[in-house]
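Please read the structure below before turning to the comments.
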Amino acid sequence: MEGEPLSALFTPALVVDVDKVKRNAQRMIERCEKLGVQLRPHMKTHKTLECADILTGGSRRCIVVSTLAEACFYADHGFDDILYAYCLPFDKVERCAALSERLDLFQVLLDHPDALEQLKKRPLRDGRLWHVWLKLDCNNGRAGVLHSEPEALRLAQDITETAGVELTGVYTHCGNTYNCRGVDQIHTVAQETTSFTLQFMEKLKAVGITCKSSIGSTPSCSHPVKDMALLSEVHPGNYVFYDVQQSLIGSCSLEDVAVRVLTRVIGHSPHRNQLLIDCGWSGISLDGGGKLPTGYAIIEGHPNLKLLSMTQEHGRVESISGPLDYSKYPLGSLLTLIPYHSCATAMMHPVYHVHSEGRLLGKWTPTRGW
């Protein structure tokens with residue numbers, strides 16, 4: 001299908017504008033170079049080799065993953081310096097050990113003393129060290145030991161004092177930027193997270209511990225504050241595709257969003273003033289429901305249309321105001337959906353159709369599983 005228009009695709013189909021991907025990637029590289037910090041791009045949004053090569057500039061080094069399946073996938077294809085940024089699952093310790101003994105640098109994350117005990121029970125062979133990042137919660141409210149609690153410093157000290165284990169860094173997810181609206185709010189949260197992280201690094205320094213520091217989220221890294229230059233690394237991920245959610249937060253414009261879902265009209269329902277399309281929740285996800293005036297996505301070029309509801313394989317589209325003019329939407333016609341959350345939408349698709357200026361270039365196949 002190379003060289004053919006997007007209309008040649010079967011639907012629903014996830015399409016990726018490779019020019020926008022490259023532009024988004026280059027902008028983030030330039031931001032980090034200007035800050036003087038190491039960019040460690042997160043693979044969780046796209047989970048493909050091709051995109052990873054773009055994000056790492058072809059180095060195949062210094063990446064973050066959210067699943068062990070991703071870690072193995074990238075390791076099998078020559079990537080190294082991989083950080084498995086998910087608090088150590090006890091059922092996967094042996095698999096983590098295998099990667100640690102195989103790669104030059106495989107790193108794990110923990111936020112609890114029991115996880116450290118698991119590493120003690122499985123020393124690595126040939127004198128290798130477990131490379132550990134401490135997950136710090138700087139008011140994001142998900143995983144991590146709270147930055148202000150004495151237990152955080154105590155756990156860092158315990159990691160440092162454990163034979164066969166190295167405290168490589170302190171890792172913070174700045175996920176509370178997702179509640180922001182506009183650059184000023186992003187800056188406020190990014191500054192708070194950065195300050196809490198740097199304050200914790202000073203506590204470590206006071207007890208003789210030195211290691212790396214890293215914060216990350218697409219909003220904070222799209223609009224970094226000056227103090228982020230004092231960190232070692234940043235680890236954004238969604239920026240490669242962006243999405244409607246990021247445009248609302250203020251991370252990007254809709255023009256920066258590199259992914260779309262193509263769908264076709266498969267039914268007219270004049271008695272309900274609705275169209276039926278062949279994209280249900282299995283083609284775009286239910287993420288973002290109720291957050292947009294246009295429903296679960298933005299229907300590009302049709303501001304008066306709303307993706308009202310979905311079943312597994314069907315979507316119901318209605319007019320926001322007034323009756324539908326069905327002559328504009330004949331059966332078989334294409335509609336283009338801009339997803340609310342591209343990470344969730346990408347997970348719905350076994351293959352991505354890559355294009356440049358509307359002409360197909362090929363396919364990217366993501367890895368799946370945990």
With side chains defined as the heavy atoms from C-beta onward, is the minimum distance between Arg40 and Asp81 less than 4.5 Å? yes
Side chain to side chain contact (heavy atoms under 4.5 Å, CB included) with His302: of Ile298, Leu305, Asn304, only one passes, and it is Leu305
Distance col, row Leu88:CG vs Cys96:SG, nearest 0.5 angstrom, shows 5.5 Å
Practice item. Check the side chains of Asn179 and Gln185 for a donor-acceptor pair under 3.5 angstrom, ignoring hydrogens and angles. Key: no
*Is there a side-chain contact between Ile54 and Val21 (heavy atoms, below 4.5 Å)?*
yes
_Tell me whether Asp137 contacts the main-chain N or O of Gly144 through its side chain, where contact means a donor paired with an acceptor under 3.5 Å._
no
ask   = Do the side chain of Trp133 and the main chain of Ser213 share a donor and acceptor less than 3.5 angstrom apart?
value = no
With a 4.0 Å cut-off, would you call Arg128 and Glu101 a salt bridge? no
Stepwise side chain to side chain donor-acceptor pair (under 3.5 Å) test for Gln26 and Glu30:
CA-CA 6 Å; Gln26 186 58 35; Glu30 290 171 0; 3.1 Å; yes
- Taking side chain as C-beta onward, heavy atoms only, is Tyr84 less than 4.5 Å from Phe106? yes
For residues 253-272, the salt bridge (Lys or Arg N to Asp or Glu O under 4.0 Å) pairs (sequence neighbours left out) are Arg23-Asp256, Arg27-Asp256, Arg260-Glu300
Between Arg61 and Thr56, the two heavy atoms sitting closest are O-CG2, 3.7 Å
Which atom pairs, donor and acceptor, lie under 3.5 Å between side-chain atoms of residues 351-358 and protein residues at least two apart or in another chain?
| unit_1 | atom_1 | unit_2 | atom_2 | d |
| --- | --- | --- | --- | --- |
| Tyr352 | OH | His46 | O | 2.9 |
| His355 | ND1 | Gly358 | N | 3.2 |
| Ser356 | OG | Asp19 | OD2 | 2.7 |

Side-chain donor/acceptor of Ser232 to backbone N/O of Lys212, under 3.5 Å
no
* Tell me yes or no: between the side chains of Thr197 and Thr194, is some donor less than 3.5 Å from an acceptor? => no
* **Distance-only donor-acceptor check, side chains Ser217 and Thr177, under 3.5 Å** => yes
Given Ser66 and Glu70, is the side chain to side chain donor-acceptor pair (under 3.5 Å) satisfied, shown in steps? CA-CA 7 Å; Ser66 59; Glu70 293 166 44; 2.9 Å; yes
- request: Indicate yes or no: at least one non-hydrogen side-chain atom of Met228 is less than 4.5 angstrom from one of Gln191.
  value: no
In terms of heavy-atom contacts, Thr367 and Ala69 come closest through OG1-O, 4.2 Å
Going only through I, L, V, M, F, W and Y residues with side-chain contacts under 4.5 Å, is there a path from Val64 to Ile29?
no
ask   = Between the side chains of Ser327 and Asp325, does any donor sit under 3.5 Å from an acceptor?
value = yes
Trace of the side chain to side chain donor-acceptor pair (under 3.5 Å) decision for Ser342 with Asn238
CA-CA 8 Å; Ser342 60; Asn238 175 276; 3.0 Å; yes
Which of Tyr74, Phe73, Phe79 passes ring-ring contact (aromatic ring centres under 6.0 Å, His included) with His77? Answer is Phe73
Is Asp76 paired with Arg102 through a side-chain N to carboxylate O contact shorter than 4.0 Å?
yes
Only one of Asn139, Thr193, Leu153 passes side chain to side chain contact (heavy atoms under 4.5 Å, CB included) with His147, and that residue is Asn139
Q: Run the salt-bridge test on Glu4 and Arg359 with the 4.0 Å N-O cut-off and return the result as yes or no.
A: no
All heavy atoms of Gln246 vs all of Ser251, minimum pair found to be OE1-OG, 2.5 Å
Answer yes if the side chains of Ser222 and Tyr242 hold a donor-acceptor pair under 3.5 Å, and no otherwise. yes
Assess, by modelled atom type and distance only, whether the side chains of Glu233 and Tyr171 contain a donor and an acceptor separated by less than 3.5 Å.
no
Only one of Val244, Val259, Asp243, Val261 passes side chain to side chain contact (heavy atoms under 4.5 Å, CB included) with Ile338, and that residue is Val244
Heavy atoms, side chains only, cut-off 4.5 Å: are Ile249 and Tyr178 in contact?
yes
Using the benzene-type ring in the case of Trp, are the ring centres of Tyr329 and His268 under 6.0 Å apart?
no
Quiz item: Can you tell me if His349 uses its side chain to pair, donor with acceptor, with the backbone of Pro12 under 3.5 Å?
Solution: no
Would you confirm whether Asp80, through its side chain, and Leu105, through its main-chain N or O, come within 3.5 Å as a donor-acceptor pair? yes
Here the gap from Met28 atom CE to Leu39 atom CG, rounded to the nearest 0.5 Å, amounts to 7.0 Å
Between the NE2 atom in His235 and the CE atom in Met43, the distance rounded to the nearest 0.5 Å is 12.5 Å
Is the backbone N or O of Tyr239 less than 3.5 Å from a side-chain atom of Thr218, with the two atoms forming a donor-acceptor pair by type?
yes
* Asked: Is any side-chain heavy atom of Thr45 closer than 4.5 Å to a side-chain heavy atom of Lys47?
  -> no
### Message
Could you go through Arg122 and Glu94, starting from their C-alpha distance and side-chain angles, then the distance that decides it, and tell me whether this counts as salt bridge (charged side-chain N to carboxylate O under 4.0 Å, His left out)?
### Response
CA-CA 8 Å; Arg122 179 44 172 101; Glu94 188 57 39; 2.9 Å; yes
